[in-house]
Structure formats: C-alpha cells, structure tokens
**Student:** 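My questions will all concern the structure given below.
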There are 2 protein chains.
Amino acid sequence: MASLETTVGKLRGLGYKATPQRLAVLEALSAEQHQSMEELRGRCPGVGLVTMYRTLDLLCETGLVRRLDLGAGPRYELAEDHHHHMICESCGGVSEFEECPVDTRSLTNMGFEVNAHSLEVYGRCAGCVEGGRR
Amino acid sequence: MASLETTVGKLRGLGYKATPQRLAVLEALSAEQHQSMEELRGRCPGVGLVTMYRTLDLLCETGLVRRLDLGAGPRYELAEDHHHHMICESCGGVSEFEECPVDTRSLTNMGFEVNAHSLEVYGRCAGCVEGGRR
DNA sequence: CATTAGATGAAAATATTTTTCAATTACGTA
DNA sequence: TACGTAATTGAAAAATATTTTCATCTAATG
Ligand SMILES: [Zn+2]
Ligand SMILES: [Zn+2]
Ligand SMILES: [Zn+2]
Ligand SMILES: [Zn+2]
C-alpha cells in the first residue's frame with residue numbers, strides 16, 4: 001500500500017512531470033483494483049481520453065501499473081504487491097489472492113531468465129458454488 | 001495431438017455443421033500455435049473476416065481453441081494439451097512449456113472451484129541471455 | 001518570472017470487432 | 001438422389017477501441 005506521494009515520487013525520479021492529469025489517474029487507480037478504461041474515465045472527468053491512454057501506457061512502462069487481461073478487455077491496477085486473480089465464470093466477479101502458487105525454478109534451470117509472471121484462475125467463487133449458480 | 005478429424009467430430013457432435021470455412025480455420029490453427037487473427041487470415045484466403053471472428057468465437061466457446069493474451073492482441077491456439085507460455089521481452093519470441101508449475105490446491109481449500117488457469121512467464125529467453133541482447 | 005522540454009487535448013486517422021440481412025449451403029429426411 | 005430447412009456465410013455498415021497529429025499549454029528549473 002504505497003502512498004500516492006511515493007508513487008508520484010517515483011514518476012518524478014524518472015524525469016516525468018507530476019501533472020494534475022497524472023495525479024487524477026493515480027487517484028482513480030487507487031480507488032479500486034482492476035478497473036477498465038471506462039471505469040477509470042468515470043473517475044477522471046476532466047482528463048481527456050488521449051491522456052488517459054498515454055498516462056496508463058506510461059504507468060505500465062514504468063512498472064507502476066499492471067495491465068491485466070481477465071477476459072473482457074484491458075484492466076488496470078496499481079502494481080503495489082504481487083498477487084493473482086480468480087475469475088468467477090458464473091457471476092463474473094474478480095478476486096485476488098496473495099499467496100503465489102507458481103514455482104518458476106524449472107524455467108530458470110532451462111536458461112530462461114524470469115522477470116515476472118501472470119496467473120489467472122478461472123472457476124466458480126464460493127458464493128456461486130454455495131448458491132448453486134451455474 | 002488430436003487429429004483434425006477428431007476435432008471436427010467434436011464439433012459435429014455438438015450439432016454444428018462442418019463447413020469448408022470451419023475446416024480451413026482448423027487447418028490454419030494446426031499449422032502453428034498462438035497465431036494472431038492476421039496470421040490466421042493469411043492461412044485462410046477465401047474465408048470472410050466475419051466468419052473468421054465467428055468461427056474462432058465458436059471454437060473458443062466449445063473449448064476446442066484457446067484465446068491467449070500474450071501482450072500484443074489476441075492470439076489463438078488449439079487447446080490440445082495443457083501448457084503455458086514464456087514470452088521473451090527482448091526478441092518477442094514465445095515458447096511453450098509443458099510442465100505445469102502451478103498448484104491451485106490452496107484456492108480449492110478456500111472454497112473456490114477451479115476449472116482452469118492460465119500462466120504467462122515474462123523474461124529473456126536463453127538465446128537473448130547468451131547473446132547479451134537487452 | 002522567463003524559458004523550455006515535456007504534456008495535453010480536439011480532431012482525424014486507423015484498427016478492431018459486431019451487427020444486419022439477404023443469399024447460400026450442409027445435412028437429415030423422403 | 002432430390003428436397004426442405006435451419007444453420008451458415010459474407011458484404012456492407014455500424015459500433016468500438018486505439019493511435020496519430022499538431023497547435024497550444026504548463027510544470028519545473030534557475
Ligand atoms: Zn461468483
Ligand atoms: Zn505469482
Ligand atoms: Zn529471445
Ligand atoms: Zn498449468
């Protein structure tokens with residue numbers, strides 16, 4: 001849970017200006033994880049669409065934000081901690097889990113230099129299983 | 001490595017017609033894994049764009065094909081075996097590995113019913129590491 | 001406060017995907 | 001084999017999504 005100030009500091013440190021638009025996007029991102037462009041736009045009235053795209057691109061390139069594919073268009077989230085997503089195929093809900101169930105040592109042993117990984121788990125959430133929802 | 005006939009048989013079994021267009025798309029898919037729409041189109045001259053989209057949608061819905069996001073637009077591959085992808089951030093190459101390094105038992109224990117998962121590993125391939133490519 | 005490289009946004013261009021609907025066809029049945 | 005029909009196709013248009021352009025503006029520096 002790095003504060004917004006810390007994140008802005010990193011941006012500045014990389015030579016980027018801390019514009020009101022960028023602050024607004026970061027603010028929007030901190031409201032909720034894995035939001036769509038449309039949701040973020042709703043939280044950033046006053047920020048032009050092009051700037052939204054450019055800002056999110058910049059934040060992704062600098063590693064401050066992750067672009068996700070959970071099955072229905074791009075989603076974005078602050079890249080604060082390492083976690084993964086469970087997507088419920090009944091209700092569409094997305095939840096996160098922190099415990100990383102991936103072991104990439106065998107890839108390293110094969111000569112691949114692992115920088116990052118992304119894992120998505122699909123199924124039915126506890127609520128849908130109990131409620132008998134298909 | 002199921003043969004095309006087997007795959008077509010599954011389609012028929014589900015009540016879908018085995019049209020020349022569908023056969024062409026399956027043929028194209030069997031030429032190479034994780035192809036883009038553009039690549040598949042190149043292998044299916046004579047199949048209209050709309051039919052390409054519809055056929056790939058159908059194949060994904062029936063589980064015969066997987067739609068992938070490896071970072072640069074959708075890619076498609078026959079869903080024959082369970083495997084994952086390593087994406088080299090230097091040369092852009094995509095390679096597959098069969099040994100699954102994911103253990104989802106802890107999610108099951110939490111009440112989530114796991115149906116499937118997808119894992120992508122990002123880094124540098126052996127070739128790029130040795131060649132010193134950044 | 002002046003300077004300036006970097007940033008913004010409106011409009012246009014491009015790319016991607018979906019919808020519509022009339023024409024065609026695969027396939028079961030006679 | 002011929003027929004009937006529901007499923008399928010594809011051209012065009014529409015809808016969506018993303019990128020490019022370029023004139024204007026501004027954050028940061030001194
Ligand atoms: Zn659910
Ligand atoms: Zn992980
Ligand atoms: Zn490589
Ligand atoms: Zn796996």
Side-chain angles (χ1 to χ4, degrees), chain A residues 4-29 34-62 64-77 92, chain B residues 4-29 34-62 64-77 92:
Chain A
L4 270 198
E5 289 75 46
T6 309
T7 310
V8 174
K10 286 182 191 170
L11 259 194
R12 278 221 178 80
L14 289 166
Y16 297 106
K17 293 180 179 174
T19 66
Q21 290 89 343
R22 285 173 181 166
L23 298 183
V25 171
L26 284 171
E27 189 92 40
L29 284 163
H34 41 83
Q35 293 181 75
S36 65
M37 173 63 78
E38 194 182 332
E39 289 171 313
L40 289 169
R41 283 246 281 165
R43 288 195 155 90
C44 299
V47 178
L49 177 57
V50 182
T51 298
M52 293 296 294
Y53 276 108
R54 280 190 295 221
T55 302
L56 289 167
D57 280 354
L58 175 68
L59 294 172
C60 286
E61 275 162 24
T62 57
L64 296 168
V65 161
R66 270 189 296 262
R67 189 192 314 265
L68 309 172
D69 177 37
L70 305 178
R75 305 229 146 210
Y76 301 87
E77 69 179 16
Chain B
L4 271 196
E5 289 76 46
T6 310
T7 310
V8 174
K10 285 183 191 168
L11 261 193
R12 277 222 179 80
L14 289 166
Y16 297 106
K17 293 181 179 175
T19 67
Q21 290 89 342
R22 285 172 181 166
L23 297 183
V25 172
L26 284 171
E27 189 92 40
L29 284 163
H34 41 83
Q35 292 181 74
S36 65
M37 173 63 79
E38 195 182 330
E39 289 171 313
L40 289 169
R41 282 245 283 165
R43 289 196 155 92
C44 298
V47 177
L49 178 56
V50 183
T51 299
M52 293 296 296
Y53 276 107
R54 280 189 295 221
T55 302
L56 289 167
D57 279 355
L58 174 68
L59 293 172
C60 287
E61 275 163 24
T62 57
L64 296 169
V65 162
R66 272 190 296 264
R67 190 191 315 264
L68 309 172
D69 176 38
L70 306 178
R75 304 230 149 210
Y76 302 87
E77 68 178 18

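Letters go in sequence order (proteins before strands), and every chain restarts at 1.
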**Student:** Which distance, rounded to the nearest 0.5 Å, do you find between the CG of A/L49 and the SG of A/C44?
**Tutor:** 11.5 Å

**Student:** Using whole Å, report how far CE of B/M37 lies from C1' of C/dT17.
**Tutor:** 9 Å

**Student:** Using atom names, set out every protein N or O paired with an N or O of nucleotides 13-16 of chain C below 3.5 Å, distance rounded to 0.1 Å.
**Tutor:**
none

**Student:** Show me the side-chain donor-acceptor pairs of residues 15-29 of chain B shorter than 3.5 Å, one per line, residues at least two apart or across chains.
**Tutor:**
from: B/T19; atom 1: OG1; to: B/R22; atom 2: N; distance (Å): 3.2
from: B/R22; atom 1: NH1; to: B/K17; atom 2: O; distance (Å): 2.8

**Student:** Strictly below 4.0 Å: does B/R12 bring a side-chain N or O up to OP1 or OP2 of C/dA26?
**Tutor:** no

**Student:** Could you state the interatomic distance from CD (B/E5) to CZ (B/R12), rounded to the nearest 0.5 Å?
**Tutor:** 10.5 Å

**Student:** Going by side-chain hydrogen bond (donor to acceptor under 3.5 Å, both in side chains), name the residues that satisfy it together with A/S36, two or more places apart in sequence or in a different chain.
**Tutor:** A/E39

**Student:** Show every salt bridge (Lys or Arg N to Asp or Glu O under 4.0 Å) that has at least one partner inside residues 51-61 of chain B, sequence neighbours left out.
**Tutor:** B/D57-B/R67

**Student:** To the nearest Å, give me how far apart CE (B/M52) and P (D/dT8) are.
**Tutor:** 17 Å

**Student:** Apply side-chain hydrogen bond (donor to acceptor under 3.5 Å, both in side chains) to B/Q35 and list each qualifying residue two or more places apart in sequence or on a separate chain.
**Tutor:** B/R43

**Student:** Nearest whole angstrom, please: distance from the P of C/dT18 to the CG of B/L56.
**Tutor:** 11 Å

**Student:** What's the spacing between A/H34 NE2 and A/E77 CD if we round to 0.5 Å?
**Tutor:** 6.0 Å

**Student:** For the atom pair CG (B/L64) and CG (B/L56), what is the distance rounded to the nearest 0.5 Å?
**Tutor:** 11.5 Å

**Student:** Can a donor-acceptor pair be found, under 3.5 Å and without considering hydrogens, that links the side chain of A/T62 to the backbone of A/L59?
**Tutor:** yes

**Student:** Over its full length, what angle do the end axes of the helix from C/dC1-D/dG30 to C/dA30-D/dT1 make, each axis taken from five pairs and the result rounded to 10 degrees?
**Tutor:** 40°

**Student:** Enumerate the protein-to-nucleotides 20-25 of chain D contacts in which both atoms are nitrogen or oxygen and the separation is below 3.5 Å.
**Tutor:**
none

**Student:** Measure across A/P45 and A/G42 and return the closest heavy-atom pair with its distance rounded to 0.1 Å.
**Tutor:** CD-O, 3.8 Å

**Student:** For residues 15-26 of chain B, which residues have at least one heavy atom under 4.0 Å from DNA chain C?
**Tutor:** B/K17, B/A18, B/P20

